[in-house]
Amino acid sequence: MGRSIRISLLVLGLVAGSNALAQATPPAADGTRQVPTFPLPISPFLSPEAQASVRNGVIHGDPTAKLDNTAVRAQLGAIRTGADQWAYAEIAELRKRYPVELHNETWNGVPVVRVQPRSAPADPTQRRLLIELHGGAFVFGRADSLGLLEAIPVAAMTGMTVVAVEYRQGPEHRFPAASEDVASVYRAALEQMPARHIGLFGCSAGGVLTGESLAWFAKEKLPMPGAAGLFCAGGDARYGGDSRYVMAALNDALLPHADGSLPIMEDLYYGDVDFRDPLVSPIFSEPLLAQFPPTLFITATRAAELSNVAYMHGRLVDLGRESDLHVWEGLGHAFHLDAKLPESQQAYRVMARFFARHLEATLPAPPR
């Protein structure tokens, strides 16, 4: 087995016979293993740009990963300001590359930013609409900051209008406020075109919210959109599975307790909910998953959501739903938000082709 292959499998915790894992203590009665440390080089499959990002800590450099919720509350103003300022600087560069126009609007009482690509079809019957839900653990980020990091490239590369939603977040608001806001925007979208010409997607908390919104649509008896994208997220709001533990150790983050419990930033939005409620975590309801539209998953081998995503993809496929899963080697959570990486451009091309195929659209010429 080659060294690069062995490294990747170690990250996933799937090789029991390697020298590193052979030193692990015998499993406890409940099957829990204490895994020793081992060297994890940068993946040789990464582009030079991505290797530099990993080397400089950009891929695994989230300072909020080490904060408990008390610290998050105390620093929330600074966290929000810092995330927005970083995003605004990135957006200024994106607008130099991607020809789009931005419009601040209100749809059914919910603030949105409409991203209009200059490559949109002139014929109104050929136009398509995507609804974007930004990340930020349900406590930080805005439609005009983190939301535009995805919305601008996707709009330009698909030729579709993208509406970034300013949904309500915690701790000022609690679940299901965000789901209600997305449903309000979706109802406004349905007044413009049929559901089969509308797509829904988001990254991180926005990806979780995409799944929750589909569950909310089902509850409200709304037609399902033509396609959905859960990027850097799956259908379990607590990000369960092996990769959550592996990546917490890799990122020097707060590790889950032995029973799997761990206060997460999202708790400031969720409060005291049942995380197995399908409206929170649709992964736990087969009747709900059986209603999902064609769904695209984007993740990476150094992302905490990898196990969650892989499991949900498998459930959808087993239920006969159409689902595409793309996993990028050696990268971390939400890697595609750095649009400068060649891997991010690959991811955006995958997104564009997926939505074009399922929303019956023709892709424009790629931006220079």
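These numbers were taken from a predicted model, which means no experiment stands behind them.
- Hydrophobic clustering, with ILVMFWY side chains joined whenever heavy atoms are under 4.5 angstrom apart, keeps Val154 apart from Leu363.
- Applying side-chain contact (heavy atoms from CB on, under 4.5 Å) to Phe138 and the options Val208, Leu268, Asp267 leaves one that passes, Val208.
- Inter-residue side-chain proximity for Glu49 and Asp338 is flagged as unmet; no heavy-atom pair is nearer than 4.5 Å.
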Tabulate below the donor-acceptor pairs under 3.5 Å that side-chain atoms of residues 211-221 make, not counting sequence neighbours, or state none.
{"from": "Glu212", "atom 1": "OE2", "to": "Tyr270", "atom 2": "OH", "distance (Å)": "2.5"}
{"from": "Ser213", "atom 1": "OG", "to": "Leu209", "atom 2": "O", "distance (Å)": "2.7"}
{"from": "Glu220", "atom 1": "OE1", "to": "Arg187", "atom 2": "NH2", "distance (Å)": "3.0"}

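- Scanning for side chain to side chain donor-acceptor pair (under 3.5 Å) contacts around Gln85 gives an empty result, with sequence neighbours left out.
- Partners of Glu105 by side chain to side chain donor-acceptor pair (under 3.5 Å), not counting sequence neighbours, listed by chain and number: Trp107, Arg114.
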Legend entry - Test log, rule side-chain contact (heavy atoms from CB on, under 4.5 Å), inputs Leu40 and Arg302: CA-CA 11 Å; Leu40 179 63; Arg302 296 192 183 188; 3.4 Å; yes
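- Residues Leu94 and Pro153 are in side-chain contact: their nearest non-hydrogen atoms beyond the backbone lie under 4.5 Å apart.
- A side-chain hydrogen bond (donor to acceptor under 3.5 Å, both in side chains) with Asp324 is found for exactly one of His358, Arg353, Arg357, namely Arg357.
- Between the CZ atom in Arg127 and the CE atom in Met193 there is a gap of 8.5 Å [rounded to 0.5 Å].
- With salt bridges taken as basic N to acidic carboxylate O contacts below 4.0 Å, none links Asp274 and Arg276.
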Inset, instruction - Kindly indicate, with the supporting measurements, whether the criterion side-chain contact (heavy atoms from CB on, under 4.5 Å) is fulfilled by Phe354 and Leu359. - result: CA-CA 8 Å; Phe354 178 85; Leu359 301 185; over 6 Å; no
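- In this structure, Pro282 and Phe292 approach most closely via the heavy-atom pair CB-CZ, 4.1 Å.
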Only pairs under 3.5 Å count here: list side-chain donor-acceptor contacts from residues 162-172, not counting sequence neighbours, and write none if there are none.
{"from": "Glu166", "atom 1": "OE1", "to": "Ala143", "atom 2": "N", "distance (Å)": "2.6"}
{"from": "Tyr167", "atom 1": "OH", "to": "His134", "atom 2": "O", "distance (Å)": "2.6"}
{"from": "Arg168", "atom 1": "NE", "to": "Asp181", "atom 2": "OD1", "distance (Å)": "3.2"}
{"from": "Arg168", "atom 1": "NE", "to": "Asp181", "atom 2": "OD2", "distance (Å)": "3.0"}
{"from": "Arg168", "atom 1": "NH2", "to": "Ala177", "atom 2": "O", "distance (Å)": "3.3"}
{"from": "Arg168", "atom 1": "NH2", "to": "Glu180", "atom 2": "OE1", "distance (Å)": "3.2"}
{"from": "Arg168", "atom 1": "NH2", "to": "Asp181", "atom 2": "OD1", "distance (Å)": "3.1"}
{"from": "Gln169", "atom 1": "OE1", "to": "Val139", "atom 2": "N", "distance (Å)": "3.2"}
{"from": "Gln169", "atom 1": "OE1", "to": "Phe140", "atom 2": "N", "distance (Å)": "3.4"}
{"from": "Gln169", "atom 1": "NE2", "to": "Gly141", "atom 2": "O", "distance (Å)": "3.0"}
{"from": "Glu172", "atom 1": "OE1", "to": "Arg80", "atom 2": "NH2", "distance (Å)": "3.0"}
{"from": "Glu172", "atom 1": "OE2", "to": "Arg80", "atom 2": "NH1", "distance (Å)": "2.9"}
{"from": "Glu172", "atom 1": "OE2", "to": "Arg80", "atom 2": "NH2", "distance (Å)": "3.4"}

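- Between Lys340 and Glu90 the shortest side-chain heavy-atom distance falls below 4.5 Å.
- The shortest distance between side-chain heavy atoms of Asp144 and Ile91 does not fall below 4.5 Å.
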Inset, instruction - For the pair Glu266 and Tyr239, evaluate side-chain contact (heavy atoms from CB on, under 4.5 Å) and give the outcome as yes or no after the intermediate values. - result: CA-CA 11 Å; Glu266 289 88 338; Tyr239 287 76; 4.2 Å; yes
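- Using cut-offs of 30° and 60° on the angle between ring planes, the pair Trp328 and Phe335 is tilted.
- Partners of Ser179 by side chain to side chain donor-acceptor pair (under 3.5 Å), not counting sequence neighbours: none found.
- For Val115 against Leu148, the heavy-atom pair with the smallest separation is CG2-CD2, 3.6 Å.
- Residues Thr299 and Leu325 have side chains in contact (heavy-atom distance under 4.5 Å, counting atoms from C-beta outward).
- If you take SG on Cys232 and CD on Glu305, they are separated by 5.5 Å, rounding to the nearest 0.5 Å.
- A distance of 5.5 Å separates CG of Leu296 from NE2 of His326, quoted to the nearest 0.5 Å.
- Residues Ala156 and Tyr98 approach most closely at CB-CD2, 3.5 Å, considering heavy atoms.
- At least one side-chain heavy atom of Leu279 sits under 4.5 Å from a side-chain heavy atom of Phe175.
- At a threshold of 4.5 Å between non-hydrogen side-chain atoms, the residues Tyr348 and Met351 count as touching.
- With a 6.0 Å radius and a threshold of 12 heavy atoms from other residues, nucleotides or ligands, Asp272 has its CG atom at or below the threshold.
- In this structure, Ala334 and Cys203 approach most closely via the heavy-atom pair CB-SG, 3.6 Å.
- Listed by chain and number, the residues in a side-chain contact (heavy atoms from CB on, under 4.5 Å) with Ser323 are Phe297, His313, Leu316, Val317 (sequence neighbours excluded).
- At a threshold of 4.5 Å between non-hydrogen side-chain atoms, the residues His336 and Glu150 count as touching.
- Between Ser204 and Ala233, the shortest heavy-atom contact is O-CB, 3.3 Å.
- With values rounded to the nearest 0.5 angstrom, Asn308 atom CG is found 5.0 Å from Asp236 atom CG.
- Closest approach of Ala189 to Leu129, counting heavy atoms only: CB-CD2, 3.4 Å.
- Cation-pi check for Arg238 over Phe275 is met; the charged atom lies under 6.0 angstrom from the ring centroid and within 45 degrees of its normal.
- To the nearest 0.5 Å, atom CD1 of residue Ile198 and atom CZ of residue Arg128 are 10.5 Å apart.
- Side-chain N/O atoms of Ser184 and Asn108 include no donor and acceptor closer than 3.5 Å.
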